[in-house]
Amino acid sequence: MPHKNTDIINIFNQTFLDSFNTELILGGDEPIYLPADEEYPYHRVIFARGYFASALHEIAHWCIAGPQRRLLEDYGYWYEPDGRTAEVQAEFEKVEIKPQAVEWILAVSCGFRFQVSCDNLSGNCEPDRVGFTNKVREQVLVYLENGMPTRAKTLSEALRSHYGVEPLVAGMFE
């Protein structure tokens, strides 16, 4: 089954618009999370350029963010753009393990190919993509064994239902 932006938007919004006052929106060049304000009554998870993978990634960050973080633009996280040093890249990867593990779970839940994002194309260091992938996979396995964040589990189930994907098992994350 093809992966359409309208599907992920509809599934997310049917699942979370009423219960979390949050909607998924197709955006422009850069993804962003915006909390509700006087001008817009819903929190918005905005993904970039119509990329299905961007939607999954931004949703994963939302699934991890706690209630206070969801009141802050981009959850109050720091972000240093592409061009990071090796030290800053290492910090970036540390904070990305859990969201990318959730992203991988969501991707598999809808039969979509997952690839880690080291997100440092013009940095002065070559990221260890294999090492980072292994760390993300370890976190996926922890989530599968010990339980995943509630919103991630809810969305995973909705995606699996829509795309006809069997219950998740460790062998799906090779």
Side-chain angles (χ1 to χ4, degrees), residues 3-107 109-110 112 114-125 127 132 135-136 139-140 143 147-159:
H3 297 92
K4 300 177 190 168
N5 290 331
T6 53
D7 291 337
I8 191 74
I9 289 169
N10 290 336
I11 293 166
F12 182 92
N13 292 346
Q14 288 168 4
T15 306
F16 298 117
L17 186 60
D18 290 337
S19 57
F20 284 89
N21 195 46
T22 303
E23 67 178 331
L24 180 64
I25 299 174
L26 169 62
D29 289 341
E30 293 297 326
I32 191 167
Y33 172 80
L34 298 171
D37 56 30
E38 299 86 29
E39 295 177 23
Y40 204 86
Y42 303 110
H43 306 297
R44 290 150 288 168
V45 177
I46 303 171
F47 66 103
R49 299 186 185 134
Y51 295 135
F52 196 86
S54 174
L56 295 177
H57 185 80
E58 297 311 311
I59 291 167
H61 276 285
W62 179 79
C63 288
I64 297 283
Q68 294 305 311
R69 289 251 188 213
R70 292 193 312 269
L71 297 176
L72 304 171
E73 183 174 315
D74 263 350
Y75 316 106
Y77 293 134
W78 67 271
Y79 180 78
E80 188 166 322
D82 190 359
R84 294 183 286 273
T85 65
E87 296 77 23
V88 175
Q89 181 66 22
E91 287 302 310
F92 169 82
E93 290 178 9
K94 269 195 242 175
V95 300
E96 280 288 312
I97 289 172
K98 287 184 178 181
Q100 290 200 33
V102 168
E103 179 185 351
W104 197 346
I105 287 167
L106 297 177
S109 297
C110 56
F112 188 77
F114 171 79
Q115 242 184 333
V116 295
S117 174
C118 295
D119 200 23
N120 197 28
L121 300 175
S122 64
N124 69 357
C125 64
F132 184 52
K135 290 175 185 173
V136 172
Q139 183 62 53
V140 166
Y143 282 147
M148 62 185 83
T150 305
R151 285 169 282 140
K153 182 177 190 286
T154 300
L155 186 57
S156 171
E157 290 168 355
L159 292 170

Visitor: side-chain contact (heavy atoms from CB on, under 4.5 Å) with P149: which residues, sequence neighbours excluded?
Guide: I64, V102, Y143, A152
Visitor: Supply the atom-to-atom distance I32 CD1 to I25 CD1, rounded to the nearest 0.5 angstrom.
Guide: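 Taking CD1 in I32 and CD1 in I25, the distance rounds to 11.5 Å.
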Visitor: Among residues at least two apart in sequence or on other chains, which ones pass side-chain contact (heavy atoms from CB on, under 4.5 Å) with Q14?
Guide: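 Here the qualifying residues are N10.
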Visitor: With W62 as reference, evaluate F47, Y75, F16 under the ring pair (Phe, Tyr, Trp, His ring centres under 6.0 Å) test and give the passing residue.
Guide: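 In the set F47, Y75, F16, the residue that makes a ring pair (Phe, Tyr, Trp, His ring centres under 6.0 Å) with W62 is F16.
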Visitor: Checking R70 now: which residues fulfil salt bridge (Lys or Arg N to Asp or Glu O under 4.0 Å) with it, not counting sequence neighbours?
Guide: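 Checked R70 against salt bridge (Lys or Arg N to Asp or Glu O under 4.0 Å); zero matches.
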Visitor: Apply the test side-chain contact (heavy atoms from CB on, under 4.5 Å) to residues L159 and I8: give CA-CA distance (whole Å), side-chain angles for both, the deciding distance (0.1 Å), then the verdict.
Guide: CA-CA 8 Å; L159 292 170; I8 191 74; 3.6 Å; yes
Visitor: To the nearest 0.5 Å, what is the distance between CG on N13 and OG1 on T6?
Guide: 11.5 Å
Visitor: Would you say L71 and H43 make side-chain contact, with heavy atoms under 4.5 Å?
Guide: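 SC-SC contact between L71 and H43 confirmed.
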Visitor: When you look at F52 and N5, which way does the side-chain contact (heavy atoms from CB on, under 4.5 Å) test go after all the steps?
Guide: CA-CA 6 Å; F52 196 86; N5 290 331; 4.2 Å; yes
Visitor: Taking side-chain contact (heavy atoms from CB on, under 4.5 Å) as the test, write out the residues that go with A53, two or more places apart.
Guide: F112
Visitor: Quick one: are R151 and F20 in side-chain contact, heavy atoms under 4.5 Å?
Guide: yes
Visitor: Can you tell me how far the CG atom of L34 sits from the CD1 atom of I46, to the nearest 0.5 Å?
Guide: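 L34 atom CG to I46 atom CD1 measures 4.5 Å (nearest 0.5 Å).
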Visitor: For K98, what residues pass the side chain to side chain donor-acceptor pair (under 3.5 Å) criterion, not counting sequence neighbours?
Guide: none
Visitor: Mind checking whether F132 and I97 have side chains closer than 4.5 Å, heavy atoms only?
Guide: yes
Visitor: For a quick test of reading the model, state the closest non-hydrogen atom pair linking N21 to P41 and the distance between them.
Guide: ND2-O, 2.8 Å
Visitor: Only counting residues at least two apart or in another chain, list the ones meeting side chain to side chain donor-acceptor pair (under 3.5 Å) with Y51.
Guide: none
Visitor: Dump the intermediate steps for side-chain contact (heavy atoms from CB on, under 4.5 Å) on E103 and E96, then the final yes or no.
Guide: CA-CA 10 Å; E103 179 185 351; E96 280 288 312; 5.8 Å; no
Visitor: Partners of E23 by side chain to side chain donor-acceptor pair (under 3.5 Å), sequence neighbours excluded?
Guide: Y40
Visitor: Can you list the residues that meet the salt bridge (Lys or Arg N to Asp or Glu O under 4.0 Å) rule with R69, with sequence neighbours excluded?
Guide: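 None.
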Visitor: What pairs with D18 under salt bridge (Lys or Arg N to Asp or Glu O under 4.0 Å), at least two apart in sequence or on another chain?
Guide: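 D18: no salt bridge (Lys or Arg N to Asp or Glu O under 4.0 Å) contacts found.
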Visitor: Does the pair I105 and F114 meet the rule for a side-chain contact (heavy atoms from CB on, under 4.5 Å), with working shown?
Guide: CA-CA 9 Å; I105 287 167; F114 171 79; over 6 Å; no
Visitor: Test: salt bridge (Lys or Arg N to Asp or Glu O under 4.0 Å). Region: residues 43-65. Which pairs qualify, not counting sequence neighbours?
Guide: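 Output for this query lists D29-R49, D37-R44.
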Visitor: Quick check on side-chain contact (heavy atoms from CB on, under 4.5 Å): which of D7, L17, I59, L106 does F12 satisfy it with?
Guide: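 Single side-chain contact (heavy atoms from CB on, under 4.5 Å) partner of F12 among D7, L17, I59, L106: I59.
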Visitor: Taking only residues two or more places apart in sequence, or in another chain, which ones meet E73 in a salt bridge (Lys or Arg N to Asp or Glu O under 4.0 Å)?
Guide: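 None.
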Visitor: Among all residues two or more places apart in sequence or in another chain, which pass the side chain to side chain donor-acceptor pair (under 3.5 Å) test with E30?
Guide: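 Counting only residues at least two positions away or on another chain, E30 forms no side chain to side chain donor-acceptor pair (under 3.5 Å).
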